[in-house]
Amino acid sequence: MRRLPPVLLEDGCPRELISLIRTILAACKEISFRVGQGALSGVLGSTLDENIQGETQKKLDVLTNQLLKDILLESGYVKAIASEEEDYTVAGNPNAEYIVAFDPLDGSSNTDINSLVGTIFSVMKAPEGSDPADQSIFMQPGKSQVAAGYVLYGPSTVLALTTGKGTRFFTLDKTHGSFLLTQDFAQVPEETNEYAINASNQRHWQPAMQNYINDLMAGETGPRARNFNMRWIAAMVGDVHRVLCRGGIFTYPTDTKDPNKPNKLRLLYEANPMAMLIEQAGGIASTGTERIMDIQPDAIHQRVAVILGSKNEVETCLGYHK
Ligand code: F6P
């Protein structure tokens, strides 16, 4: 089986970018080990703190953030990092070419129940001559990402990666510590009978999403004239992985539950990298009104509505938003 570095070299991926991706993956291997140790490693449960998003931090959020931050900044390959768990961006090597945004442990509450979690990352180029301490270097739309991916810590540890030449899956061979290519050019099926949404928020959604989901739930006797199945892992990384593997539509729409937080998912380190992986696999990623990767960010922790997955189903959903 082919290992990750030769696959990327054959694609013509710059050596510096390959080294950066390998650095991220070195941290992910360590995270895979720690997560796999579960209660044995004494890192389950919460800290007494909240992160910048006002969410309770898990001990593993703190540990995984520190691991990624240290390894990336020490590597010399990054000009700056932005993390879901950091209030501000952190400056790195002023001469480096790349910047990295990451969610160190997406879906971290799932660690309490030994369910899926993952690390999501997005790599962009820093503007030439930019100051590593200037947060505005991250204010680039998702279409300028040069690489995006996630590492899913499940029964096996799987990397989904794109450098703009398709989406591939690599599986961590834990005996040798290498990521081996297990699927070249993943394709999201255009049609699907499966949707993913936290339906407990239904009464807070806008009318377009209410109508769309009602029509799916009406099944074969409703306007869609067929039955749909629902799945919800409560970790975007797990839900998006399922969509990449067998199709589906995943959405976390705008809602009115908390007027200060109309959207839940973060643009820089959740929506953008997932949108790139999905588009590179033939799917669509939108907010309901615009392509996610066209959004010009105005803050590092900005949140957006997300509707992504199988082309035909996402287009149908977007039809309700017109
Ligand atoms: O980052 C937020 C997140 O954990 C996503 O990974 C996931 O899709 C979502 O929140 C789950 O939300 P809820 O708690 O509403 O199920």
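Whatever order the structure lists them in is the order used to number ligands and atoms, beginning at 1.
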Carboxylate-amine/guanidinium contact R291 E279, below 4.0 Å: yes
Ion pair check, D112 and K58, cut-off under 4.0 Å: yes
Atom 5 (C) of ligand 1 - nearest protein heavy atom and its distance: M236 N, 3.5 Å
Contact check, R266 vs ligand 1, heavy-atom distance below 4.0 Å: yes
Atom 15 (O) of ligand 1: the protein heavy-atom neighbour that sits closest, reported with distance to 0.1 Å: Y252 OH, 2.5 Å
For atom 10 (O) of ligand 1, the option (of K264, R303, E270) bearing the nearest heavy atom: K264
H241-F169 aromatic ring centre distance below 6.0 Å: yes
SB check E313 R226 (cutoff 4.0 Å): yes
Interfacing atoms of ligand 1 (cut-off 4.0 Å, heavy-atom, D106): 1 (O), 5 (C), 6 (O)
Atom 16 (O) of ligand 1: nearest protein contact (heavy atom, Å): W232 NE1, 3.0 Å
Ring centroid separation W232 to Y195 under 6.0 Å: no
Proximal ligand 1 atoms for N198, defined as those under 4.0 Å from one of its heavy atoms: 13 (P), 15 (O), 16 (O)
Aromatic ring proximity, centroids under 6.0 angstrom, Y212 and Y320: yes
